[in-house]
Amino acid sequence: MPPRKKARVGKRTPKSGDEGETASSPKERAGAKRKAATSVDTGGKRPDSPGVSQYCHWLMKSEPESRFENGVDVKFGIEDLKALPNQTGCWDGVRNYQARNFMRQMKEGQLAFFYHSNCKEPGMAGIMKIVKEAYVDHTQFDKKDVHYDASSKPDNPKWSMVDVQYQRMLKRFLPLSELKKYHLQHRAKGGPLKDMALFTRARLSVQPLTAEEFDFVLSLENKEPL
DNA sequence: GCCAACGTTGGC
DNA sequence: GCCAACGTTGGC
């Protein structure tokens with residue numbers, strides 16, 4: 001298994017299906033109640049079977065600059081992912097239910113933006129691919145780990161992670177400030193970034209993008225900075 | 001380093 | 001099941 005990275009709250013997760021799935025937080029349940037039947041928002045997605053839709057593009061945040069949490073540096077930027085064997089790493093350390101649930105929805109082969117957060121210039125740095133679907137995040141049981149969770153038991157793990165592989169850098173870094181201009185513009189007059197989670201759910205570290213959002217953001221790498 | 005927004009915890 | 005207190009995220 002690849003080394004780990006440091007995702008903050010919403011960072012890294014375990015596997016599918018049965019395990020853990022039943023352990024939903026009060027928040028998740030509340031959310032489910034509010035909305036409809038699933039934890040999946042109705043944002044944009046790709047129908048898989050009748051009545052079910054799911055996302056197929058993602059944004060995952062990590063911090064590219066050194067920051068110490070309990071004496072451990074949580075820095076993990078896209079260059080760090082690229083430097084790993086096979087340019088692949090596990091996205092461990094996610095300790096937020098919504099972020100975890102999104103990771104559990106990820107399918108092998110799907111693409112995600114690598115977003116640099118909590119740094120000088122926050123924004124989209126590059127693209128990675130999901131190469132292994134959700135499985136148990138071992139760091140939840142490691143007392144030495146920054147993201148150790150004493151409340152999670154091995155026979156019913158709470159947290160999951162996926163493996164991601166570096167694909168490429170964006171042709172140019174897309175700063176949050178620029179994305180925000182488009183977001184505001186689109187919110188006023190309509191456009192693909194109108195409801196982008198990056199702005200409407202700012203603190204979520206693993207978030208879905210609709211195909212329209214993903215394509216629009218990607219198209220910006222060929223444009224002049226706004 | 002500040003602090004607004006928001007997620008989590010725990011008493012009742 | 002409500003909600004106040006508390007903790008964390010992450011832009012600025």
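Chain letters run A, B, ... following the sequence lines, proteins first and then strands; every chain starts at 1. What you see is a predicted model, and the numbers here were worked out from it, not measured in a lab. Computed over heavy atoms, backbone and side chain alike; hydrogens, waters and symmetry mates excluded.
- Summarising the geometry, the separation between CG on A/Asn101 and C1' on B/dG7 is reported as 14 Å, rounded to the nearest angstrom.
- Checking C/dG10, B/dG7, B/dC6 against every side-chain atom of A/Asn96, the shortest atom distance belongs to B/dG7.
- Atom CZ in A/Phe199 sits about 10 Å away from atom P in C/dG11, given to the nearest Å.
- To the nearest angstrom, P of C/dT9 lies 7 Å from CZ of A/Arg67.
- Under the 3.5 Å distance criterion, with hydrogens and angles disregarded, a donor-acceptor pair is assigned to the side chains of A/Thr139 and A/Arg95.
- Taking the six-membered ring for Trp and the full ring otherwise, the centers of A/Tyr166 and A/Phe114 sit at least 6.0 Å from each other.
- Taking atom CG on A/Leu204 and atom P on B/dT8, their separation rounds to 10 Å, with Å as the unit.
- At a threshold of 4.0 angstrom between heavy atoms, the contacts of A/Lys180 are confined to the sugar-phosphate backbone, with no base atom among them.
- Between A/Ser66 and A/Asp73, the side chains place a donor N or O and an acceptor N or O closer than 3.5 Å (distance only, hydrogens not considered).
- A donor-acceptor contact closer than 3.5 angstrom links the side chains of A/Trp58 and A/Gln110.
- Look at CG on A/Asp149: it is 15 Å from C1' on C/dT8, rounded to the nearest Å.
- Closest contact between the side chain of A/Tyr97 and the listed nucleotides B/dT8, C/dG10, C/dC12 involves B/dT8.
- Summarising the geometry, the separation between CZ on A/Arg201 and P on C/dT8 is reported as 20 Å, rounded to the nearest angstrom.
- Rounded to a whole Å, the CD atom of A/Glu178 is 14 Å from the P atom of C/dC12.
- The interatomic distance linking A/Lys61 (NZ) with B/dC6 (C1') rounds to 12 Å, in whole Å.
- Nucleic acid contact for A/Tyr115: sugar-phosphate only, since backbone atoms but no base atoms lie under 4.0 Å from a heavy atom of the residue.
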